[in-house]
There are 2 protein chains.
Amino acid sequence: MASKKVLIVDDEFSIRDMLRMALEIADFECLEADNIQDAHRLVVDERPSIVLLDWMLPGGSGIELLRRLKRNETTAEIPVIMLTAKAAEDNVIQGLDVGADDYVTKPFAPRELIARIKALLRRSVGGDDRDRLEIDELVLDIDSRRIFVAKSPIEMGPTEFNLLQFFMSHPERAYTRNQLLDHVWGANVYVEERTVDVHIRRLRKALQGGVKDYSDLIQTVRGTGYRFSSKGMVAG
Amino acid sequence: MASKKVLIVDDEFSIRDMLRMALEIADFECLEADNIQDAHRLVVDERPSIVLLDWMLPGGSGIELLRRLKRNETTAEIPVIMLTAKAAEDNVIQGLDVGADDYVTKPFAPRELIARIKALLRRSVGGDDRDRLEIDELVLDIDSRRIFVAKSPIEMGPTEFNLLQFFMSHPERAYTRNQLLDHVWGANVYVEERTVDVHIRRLRKALQGGVKDYSDLIQTVRGTGYRFSSKGMVAG
DNA sequence: AATTTACGTGACAGTTAAGTGACGGTGGCT
DNA sequence: AGCCACCGTCACTTAACTGTCACGTAAATT
């Protein structure tokens with residue numbers, strides 16, 4: 001198995017260091033962040049297989065990040081393990097409610113943590129989650145984060161990829177620009193509605209680039225927004 | 001899963017907020033109300049798939065709303081889950097009598113609540129859950145905002161779509177031009193009555209465009225306005 | 001049958017929404 | 001630092017839809 005990426009989010013250097021060491025011994029690749037902004041960016045850009053999230057962080061508590069991740073379609077599936085001080089049982093409950101998949105109380109034995117990580121990865125990888133979405137000869141490979149048209153890869157930016165992933169997981173449905181912003185960009189980000197148009201255009205352009213032209217899978221719904229649909233596809 | 005609308009009726013902001021968060025993570029679309037009047041209006045206008053109803057509300061207790069909903073034919077089918085303080089066992093009995101479909105006592109785990117919501121939706125919706133209106137081979141798909149005639153899509157403008165959606169939700173009934181303006185264009189817009197005629201014509205034309213001609217579902221009621229009716233449809 | 005009234009229809013111009021190309025800014029990478 | 005990819009926004013173009021009119025036609029009224 002290719003080594004899996006683990007994102008460590010903790011503001012204490014010593015803890016990160018200890019975790020990194022334990023994880024690397026267990027053959028995981030490590031990413032680190034000591035604040036929410038970096039962490040979120042790393043999740044989006046690097047798409048780790050799992051996130052270890054400390055509860056207490058400067059600039060917004062861990063639950064804030066957790067909410068953001070779970071609310072966003074493209075990051076919600078990534079398992080999150082909360083790291084929490086022993087006393088704060090309340091937080092555990094709260095965290096599990098918001099969507100954390102497991103928690104470990106400090107101080108913890110690295111062995112235990114790694115066991116839990118492996119358990120979660122087994123669950124998420126082995127489960128019913130499919131790692132690719134396809135329509136006709138258009139294939140979106142979630143694991144490698146690549147798009148193929150008739151077996152050959154086509155290029156697009158991360159946002160276009162996320163947008164397409166969202167569309168392909170929710171076909172035959174019209175979405176407003178704001179809904180797309182919520183699902184693809186994440187709620188509580190502030191960007192103009194019209195920005196969606198531009199990314200739609202970039203995505204369409206990318207979908208034209210391949211051997212086959214799939215750009216009209218993305219349809220404009222005037223007065224509303226956009227829709228992804230394979231209905232009425234012409235064979236050939 | 002297609003996202004379903006859930007109406008949260010509770011006067012405490014914190015509870016609403018918590019519920020909204022949990023529900024959005026579970027991919028539900030949320031509506032909120034903190035009083036009976038707003039709640040009732042939202043039920044009628046938005047037609048949520050389910051209502052979460054707090055027992056204690058300012059301006060009339062939750063049971064009042066429950067009665068109103070269950071008494072009305074068009075809202076009676078919407079499942080209602082009561083949210084109730086632990087002590088008040090009596091209320092639960094009373095609520096179930098009046099027609100609540102389930103209840104959850106506070107404090108509750110969001111996971112549990114979501115499980116119940118899903119259970120109820122499964123029960124009431126049955127299998128595949130798409131919002132659509134259909135008459136014979138004419139299908140209006142609300143989710144994708146498309147019209148199909150005999151499975152193939154036909155084109156029309158937004159206003160025509162809205163008009164048809166209104167007609168198909170209110171068949172067998174004559175409406176004056178002004179009523180149509182109110183319902184389809186919205187009150188407080190000022191347009192000429194005759195404008196309706198033009199859109200009716202455009203809609204009829206669109207309904208002729210498909211494989212089958214459905215234009216005479218829209219009938220002129222001379223001296224009054226128009227009516228959508230499937231009565232007297234000719235087979236073939 | 002003539003007249004009046006209401007609706008149907010095609011055309012038109014103003015308005016609004018979406019498509020598009022360009023640009024500056026940012027952050028990662030070498 | 002310098003380069004590169006990408007993002008968000010803007011200004012402008014293009015396309016689509018809207019509302020209204022003028023005129024044609026059908027139905028009621030006389």
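So that the names make sense, note that chain A is the first sequence line, chain B the second, and so on, each numbered from 1.
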d(CZ, B:R201; C1', D:dC23) in whole Å: 13 Å

Of the listed nucleotides C:dG19, D:dT20, C:dG8, the one nearest the side chain of B:V191: D:dT20

Whole-Å distance separating the CE atom of B:M156 from the P atom of D:dT18: 12 Å

Sugar-phosphate, base or nothing in reach of A:E155, heavy atoms under 4.0 Å: nothing

Given D:dT18, C:dT5, C:dT20, the nucleotide with the shortest approach to the side chain of B:T159: D:dT18

Integer-rounded Å distance: D:dC7 P and A:F161 CZ: 13 Å

Length of the CD-C1' vector between B:E193 and C:dA6, whole Å: 12 Å

Salt-bridge criterion met for B:K151 and B:E137 (N-O under 4.0 Å): no

Atom-pair distance (CG on A:L163; P on D:dC6), nearest Å: 15 Å

Option from A:Y175, A:W185, A:Y226 for which ring-ring contact (aromatic ring centres under 6.0 Å, His included) with A:F166 holds: A:Y175

Listed nucleotide nearest any side-chain atom of A:T220, set D:dA15, C:dG28, C:dG19: C:dG19

A:R194 bridged to A:E192 by N-O distance under 4.0 Å: no

Nearest-nucleotide 5' precedence on DNA chain C, B:K205 against B:R177: B:R177

Of the listed nucleotides D:dC21, C:dG10, C:dG19, the one nearest the side chain of B:E192: D:dC21

No-hydrogen, no-angle side-chain donor-acceptor test under 3.5 Å, B:S169 and B:R47: no

Value in whole Å for how far the P atom of D:dG8 lies from CD1 of A:I200: 13 Å

From D:dT18, C:dA17, C:dG19, nucleotide with atom closest to A:D197 side chain: C:dG19

Between OG on residue B:S215 and CZ on residue B:R201, distance to nearest 0.5 Å: 12.5 Å

Touch class at under 4.0 angstrom, heavy-atom based, for B:R194 against every strand present: base

Presence of B:Y190 side-chain N/O under 4.0 Å of D:dT18 phosphate oxygens OP1/OP2: no

Presence of B:W185 side-chain N/O under 4.0 Å of D:dT18 phosphate oxygens OP1/OP2: no

Side chain of B:R202 - closest among D:dT20, C:dC7, D:dC17: D:dT20

Value in whole Å for how far the P atom of D:dA16 lies from CD of A:Q219: 14 Å

Note: A:E172-A:R227 ion pair, threshold 4.0 Å (strictly below): no

Side chain of A:V198 - closest among C:dG10, D:dT18, D:dT9: D:dT9

Nucleotide of C:dG19, D:dC7, D:dT20 approaching A:P158 most closely (side-chain heavy atoms): D:dC7

N/O (side chain, B:R204) to phosphate O (OP1/OP2, C:dG8) under 4.0 Å: yes

Sugar-phosphate, base or nothing in reach of A:Y226, heavy atoms under 4.0 Å: sugar-phosphate

Whole-Å gap separating P (D:dG8) and CG (A:N162): 11 Å

